[in-house]
S.K.: 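Sharing a structure here in structure tokens format.
Residue indices begin at 1 and follow the sequence shown.
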Amino acid sequence: WERLLQGLSFYKPPSKTNWIETSGVDKYLCVCVCFSCQGLDEQQSVQILQCYLQEDYRGTRNTLKAVLQDERQSQALLLKIADYYYEERLCVLRCVLHLLTYFQDERHPYRAEYSNCVSKLEKDLVSNYRRQFESVSKSEAPTWETHGNLMTERQVSHWFVQCLKEQALLLEILFLYYAYFEMPPNDLSTFTRLFKEQGFGQRQTNRHLVDKSMDALVERIGYFSSLILVEGMDIDFLHKCALEDRTEQHQFYDQQEDICKEVDQMLLTFGDISHHGPVLLAWVLLRHTLRPEEVSSVIRRLGHTTLQLGVFQYLTNMLQALGNTGNNCTASTARMCIYGLLSFVITSFEEETLGSQQHLINAACEVLAAPSLAELFWESNPNMGLGVILDSTVGLFPYKTGPLLQLLTALLSDKSTAKKVYTFLDKMSFYTEAYKHKPNDVISREDGTLWRRQTPKLLYPLGVGQTNLQMPQGCFGQVCEGKQLSVGEQGFLVRWEYSYSSWTLFTCEIEMLLHVVSTADVLAHCERVKPILDLVHKIISTDWTVSDCLLPLTSRIYMLLQRLTSFINPPVNVITSCVNCLIALAARQPGKVWSSLHHTGFLPFASTPLTNMAQTISAEGMKAGNYGNLLVLIEQPRGEYSVTIAFLRLVTTLVKGQLGSTQSRGLIPCVLLVLKEMLPAYHKWRYNTYGVRERIGCLILELVHAILNLSQEGESEGSAPSLQSLSIYSLANTEAGQAVVNIMGVGVDTINMVLTAHGGSEGPGQVLIQTVKLAFSVTNNVIRLKPQSDTASPLEQALTQHGGHGNNLIAVLAKYIYHKHDPALPRLAIQLLKRLAMVAPMSVYACLGSDAAAIRDAFLTRLQSRTEDMRIKVTILEFLTVAVETQPGLIELFLNLETKAKEFSLGEWSCLSVVLELLDSKQQGKYWCPPLLHRAALAFLHALWQDRRDSALSGVLNVSSVYIILKTLQRSMLSNIADVVCVSVLVSAPALLPPLSLMMESVLHAEQQLTDRTKAKLLSALILALQIQGLNGGEITQLPQLLLCVCEMVQDEALTLIDRTRHTIQRGDVQEDSMETDSPHIQKDQQDSVCVLALHLSKELCRADEDGEQWLQVVRKLPVLPSVLSALELSLRSKQNLYFTEAALHLLLTLARTPQGAAAVAGAGVIQSICLPLLSVYEGPANGATQAFMRKSQDAPSWMGVYRLSLSLMESLLKTLRYNFINEALDFVGVHQERILQCLNAVRTVQSLACLDEADHTVGFLLQLSNFCKEWHFHLPQLLRDVQVNLCYLCQTCTYLLHSKKMLHHYLQAKNGEGLPPGPHPQHAVQPASKEQEEAESKALQAVQCSLLKILSKTLATLQHFTPDCCQILLDQYRTLFVLSFTTPAFDSDVAPSFGTLMATINVALSMLGEVVQRFQSLLMFSMENCFYVLISQAVRCLKDPSVLPRDKQRLKQELSSELSTLLSTLFRFFRRGSPSSPASGLLLSVQTKPPTPGSKATPEGQEPFIQLVQAFVRHVQR
């Protein structure tokens, strides 16, 4: 703090002792440094030199020696050292400014430390810094006579700019100081005298050196001089004292006689420069308030001078200048200061005496840009301060709409103020209009001051049925005396007592503009409408909830935009306001805005359908639209681009809105215009304002960046290109890519020069940095996403081409490591270098040339720094990890191994030394290494290990063994499990489990230190270790602790997911894009997110807990199941969080296998969480239409997979809990009966694996439910009948498809195109199919047959429960399921299932027994067993049915006797060869049978019970 208190006086002049002679430092260099730094102390000169060489010098020790031997290079070096010294002086002042900015900010993490430091500075800061200001402002400029021949005219100018910067910073510090601490009256007098002598910055000692480029700095000095004096008078406190009638408490009250007269005398000489205005205004207020009886000629004279100086215009310009550059806190403090001044001025004096109302309003609007002042205004007295101006503007509304709307727009800052503004305008009580003469339908008093309307009047000449305002009969109007009309108008103003909504009036104003758009009145109406549009834009941007109320107004913007852009010389400012409104709307409703906007002709469009990439990229049939014409004909010639800026922001907003594929294709012409016409050429356009070109470039790249971050799900189908593929192709192969390369090639020196010239925190320099960062990210994404190709694209060629003397792009990218202002810039540059090192066939080392060693040193310096941004260090290590495999020359440079006595050792500049220091556990107490950095360091060592660099690792292992690395991992709660596994050659999985378990417990106590990726890696490792442990059959001793920890994490993550999902639903928007392309954070719902992995780990632990006792104890302690089910219900209803939903259902399914787990799941309310919300999974959101059965693989995660999992869960719960779950199961089948019946029918038309899988799950659930026929029949009799009918038809369908392989093969090829691989390429169509293709088709066919066989077997098992057994034949609660017919089943839904269907099913099963593999034979036997049972049961049911005719019964006996006898003989032959039995019936609730050993021969007539049943039935029907 002492150095901060000294400020610039820390740097001392040269001492008289000959210190240089007594030191070992190069005399020549030190003398030159002293001179180059304008007479700095020798010792401090050397300190500056040492700091420069360590932090800013771009070379090595060897190059430094060469530089010093060359006169020209050494002079250039000394000038750079001088620049470094200048920057160091400014940095000291910026540190003090930073302290004063945040020492009272409760949100700042170091507020207490800052406050303590400021309290130490408080006593002497003002006196020290005031002396330094005087010293700097009075310094004589150096010359070549006094400072040597290096002090050229350019260097003198550079020195003077430094002086001005230091003066401005010193005054800014003093202003902020006095904003917090009171200024004594003596100091006010001192500062007034000082600033008067210096002419508020304009009478500099070296003013002959001032040129135009320095005007902004001189003005800044004047601004702060003026603000310090105004702040010193403490106008806020003065206002408060005046209101409470206690002016004697103000510090200037007792100083009236001496101090005030002295200041009076000085201020009487003011008036020649604009900076005097606020000071005079504040002093007039002070004198007038403290001694109101002394309205002397002095005060009148000062007040008149103030208005002549245009004080309110000055205040507007000052606040705008302070807001555009510099510290935001300083600008806000200045606004607070001027707010108090304006409020008191307007309260104390009549508005008419203050000059132009518009200037007053402009100043007020600039003041209200401070964050808290708008809210403060609405809470204050409306009859005082700025409330007086608001009331005055209301008095002229709507005769003049601009002033009121300008003020109200400034009063919008947050949702609360937005609602106040909306309500204020919604309830207007007066309507002011101008008259040249008194109209006939009005009567008035004799004096003419009060009017009364005799007839109602429509206020706008609009058509019948259009929105309008009508002033009723009997309204009174007051003629406003003293109110002047606009310049050039004659007449008077009348203020009518009439209540109306201004929002309706605004709608009428827009409607009027639409009517007069092609007349001479258009410009006048545009002036009235533009403030309306600006207000609408700001209010919607601030509070979206009012947008519905503004729909009549916003819906007219599209027509207004269409008409205004279609005629010659359009009003550009109004068009910009229209587009800005649409941007605010598109942020929440992109689809709605697009559907309304693309009909207006404003955006570029395609006149012919887009068919392929070649046609699209050629822009064939594309029109530029009204915007394109406006850009070429209006904006480019003028050099003003407000519409272009708004257009780019609008298209970016629409892209980020994730429109559907059709709507996204509509944006292709817009994006193509940007990529083809704007990006390659925007830097050549004419510009009137500095900084606009950089802003347009930044917006273009933001658009491209948003497109490249679109999810793949939104890609358009067919041959037409998508937005993303178009952008990738264009950037990789056209001039657009070269334009991005040129932006990246700007280089670190240019950026630093712009920052130095225009300030570091905001302005053109920051925009340029953002543009280059976007260029890095865009290029990285293009290389990552573009299709693989054998030939390099033009973009890749431009990136990797070699140039002489380090001029290639690779060298430029590497040199961004020297940039210090924004850590993201070098980080993204290194990420791109890493990407190029991975994919491009070139040597980075060769590209760096002679700068390689210096760049290596810069990389390692930043990697080693204790204060460096952690993400830069991680990125450097990731780059080196990639370089180990792909860049041998570069990695050798970084390893810097030295050979001594045939042994390798680490050189002075070896990256291994830095990496080992990061991993050294002894250092952790002094300097904590974050987990991500630790992980990156281990990954680098792992890469060296894999690359077999024994020479490098020998140095590592001598210092730190693998065991220490593992212990460090555990101690640091690190996530780099991949690196633990890489060392698993030394440690087995069982040995890893205990430390991983301990790390898992640590996660719960240190979550703030760990990223989501860290947790995800840890969870993945635990899952892997558990699976290995399970395969080895080992017991998990840590099961109770692990289960408790994981369930706590699952509960927390589920609650977090609920909050996030609700927030997403309320906002209705998508997540922000990130520029990071190589190490993105884990997104909200991903397969490897923490929540999903925690659920999977819980599932693995539940599997290990065989009896479910450990899980039961956890459920009693934690409400984990209700949390998971709540999140599951919300996810299903909103159709979000797919991976979480699948993982949660898998966990519940695992729990349901044990009675305790199933009871816990059912008791937690699983049916309430799944049953009804599951409807949204397969029903469309708009009309409730059911989702079609998809012809795609069932393997990919999908919402229909969630539905199938839910069916399995219901099946498992019903199987485990039986009658305890029957009511819930019936509720489920009742709710989803439509989908269930559709699924059973769909097998006939869609044979995709996904469809068959759903049918399999559905029939499996129905099979369990069929065990409870009585309960089902009681609750849902019609559904039971429908299911029975559909199951019979399903049996018929499966039989037909299994019977006819050729037909099934044809259906798969013709309808699905999924189960089978695509056919050969057209030009080879004549060639026969290859052997590999035939094998693939055969495997696909077998997979479908297997699915059909599973469905058939479960269907028959279900039908067995629907047909009576022998004891229940005579009961009539069982209906006949099959028709009495023996015809072969047809593939037709009109043919009812019959006995012929069952016979055909048995025949098909028999025919397949000899063809299929062993694992299918049990399924076939099971199907035959159930089919025989259903056939016999149904036959006996018919034979005992009195309603069946005798001849039909006789025919039934004959047919069955003949067919079954034949089938039995075939079966006996098959059994004699040896065959498996029907499967164990535990899975499908079949009759228990004892399977024979494989290959053994069954004993005739005794092995299979169902054979005996068939024989008995045959004997019965033959009688």
Side-chain angles (χ1 to χ4, degrees), residues 530 533-534 536-537 540-541 554 557-566 570-587 590 593-606 619 622-657 659 663-664 666-683 685-689 691-707 723 726-727 730 736 739 767 771 774:
K530 187 183 184 305
L533 294 171
D534 292 340
V536 169
H537 168 237
I540 293 177
S541 303
T554 55
I557 293 178
Y558 303 100
M559 181 63 72
L560 185 62
L561 188 63
Q562 180 181 10
R563 295 195 181 179
L564 290 180
T565 55
S566 58
V572 173
N573 55 349
V574 182
I575 293 171
T576 302
S577 298
C578 288
V579 180
N580 285 336
C581 289
L582 297 184
I583 294 168
L585 292 169
V593 170
W594 166 253
S595 62
S596 301
L597 182 62
H598 83 283
H599 294 298
T600 62
F602 174 71
L603 297 178
F605 59 92
M622 294 194 189
K623 308 297 181 185
N626 289 340
Y627 161 70
N629 297 332
L630 189 145
L631 170 65
V632 174
L633 300 176
I634 304 295
E635 290 198 312
Q636 287 183 355
R638 292 181 182 175
E640 301 288 343
Y641 297 94
S642 61
V643 178
T644 293
I645 290 171
F647 164 78
L648 289 169
R649 290 177 55 224
L650 174 62
V651 178
T652 304
T653 306
L654 290 173
V655 167
K656 288 182 177 180
L659 299 172
Q663 294 171 321
S664 293
L667 284 174
I668 283 179
C670 302
V671 174
L672 194 61
L673 176 73
V674 173
L675 293 173
K676 197 175 178 68
E677 304 295 336
M678 297 173 68
L679 179 55
Y682 79 93
H683 61 284
W685 295 348
R686 173 191 173 189
Y687 292 94
N688 289 345
T689 308
V692 175
R693 172 170 47 201
E694 288 74 17
R695 189 179 177 195
I696 288 178
C698 187
L699 288 171
I700 291 173
L701 290 181
E702 280 182 7
L703 169 59
V704 179
H705 181 257
I707 293 171
L723 277 179
L726 171 69
S727 301
S730 181
V767 175
T771 306
L774 284 165

S.K.: For the atom pair CG (Asp534) and OG (Ser577), what is the distance rounded to the nearest 0.5 Å?
M.R.: 3.5 Å

S.K.: Could you pull out all residues at least two apart from Thr652 that satisfy side chain to side chain contact (heavy atoms under 4.5 Å, CB included)?
M.R.: Lys656, Leu703, Ala706

S.K.: Does Leu774 form a side-chain contact (heavy atoms from CB on, under 4.5 Å) with Val704? I'd like the steps, not just the answer.
M.R.: CA-CA 9 Å; Leu774 284 165; Val704 179; over 6 Å; no

S.K.: Using side-chain heavy atoms (C-beta onward) and a distance below 4.5 Å, is Val643 in contact with Phe602?
M.R.: yes

S.K.: Where do Met622 and Pro669 come nearest, in terms of heavy atoms and distance?
M.R.: SD-CA, 3.9 Å

S.K.: Heavy-atom distance under 4.5 Å between the side chains of Leu631 and Phe647, does that happen here?
M.R.: no

S.K.: Side chains of Ile700 and Met678, heavy atoms from C-beta outward: is any pair under 4.5 Å?
M.R.: yes

S.K.: Are Tyr558 and Leu582 close enough that some pair of their side-chain heavy atoms sits under 4.5 Å apart?
M.R.: yes

S.K.: Between Val674 and Pro680, what is the shortest heavy-atom contact and its length?
M.R.: O-CD, 4.3 Å

S.K.: Can you tell if the side chain of His598 reaches within under 4.5 Å of the side chain of Leu603, non-hydrogen atoms only?
M.R.: no

S.K.: How long is the span from the CG atom in Leu650 to the SG atom in Cys578, to the nearest 0.5 Å?
M.R.: 11.5 Å

S.K.: Answer whether the closest heavy-atom distance between the side chains of Glu640 and Val692 falls below 4.5 Å.
M.R.: no

S.K.: Once you round to the nearest 0.5 Å, how far does OH of Tyr687 lie from CZ of Arg695?
M.R.: 12.0 Å

S.K.: Going from CG on Leu597 to CG on Leu561, what distance comes out if it is rounded to the nearest 0.5 angstrom?
M.R.: 6.5 Å

S.K.: Classify the ring geometry between Tyr682 and Trp685 as parallel (under 30°), tilted (30 to 60°) or perpendicular (over 60°).
M.R.: perpendicular

S.K.: How many angstroms lie between atom CZ of Arg638 and atom CG of Asn688, to the nearest 0.5 angstrom?
M.R.: 10.5 Å

S.K.: Under the side-chain contact (heavy atoms from CB on, under 4.5 Å) rule, what do Tyr627 and Leu673 come out as? Steps first, then yes or no, please.
M.R.: CA-CA 11 Å; Tyr627 161 70; Leu673 176 73; 3.8 Å; yes

S.K.: Using a 3.5 Å distance criterion without hydrogens, assess whether the side chain of Asn629 forms a donor-acceptor pair with backbone atoms of Ala624.
M.R.: no

S.K.: Within the 4.5 Å heavy-atom criterion, are Asn626 and Thr600 side-chain neighbours or not?
M.R.: no

S.K.: How far does OG1 of Thr771 sit from CD1 of Ile696, to the nearest 0.5 angstrom?
M.R.: 11.0 Å

S.K.: Please name the pair of heavy atoms, one in Leu630 and one in Pro570, separated by the smallest distance, quoted to 0.1 Å.
M.R.: CD1-CG, 3.9 Å

S.K.: Where the side chain of Thr565 meets the backbone of Gln562, is there a donor-acceptor pair that is under 3.5 Å apart?
M.R.: yes

S.K.: Within the 4.5 Å heavy-atom criterion, are Asn573 and Ser642 side-chain neighbours or not?
M.R.: no

S.K.: Specify the closest pair of heavy atoms between His683 and Arg693, including all atoms of both residues, with the distance to one decimal.
M.R.: O-NH1, 3.0 Å

S.K.: Check His537 against Ala584 and note the closest heavy-atom contact, atom names and distance.
M.R.: CD2-CB, 4.0 Å

S.K.: For a side-chain contact (heavy atoms from CB on, under 4.5 Å) check, start with the C-alpha distance between Ile707 and Leu667, then their side-chain angles and the critical distance, and finish with the verdict.
M.R.: CA-CA 11 Å; Ile707 293 171; Leu667 284 174; over 6 Å; no

S.K.: Might you point out which heavy atoms bring Ser595 and His599 nearest each other, and give the distance in Å?
M.R.: O-CD2, 3.0 Å

S.K.: Please test Val671 against Ser727 for side-chain contact (heavy atoms from CB on, under 4.5 Å), starting from the C-alpha separation and ending with a verdict.
M.R.: CA-CA 8 Å; Val671 174; Ser727 301; 3.9 Å; yes

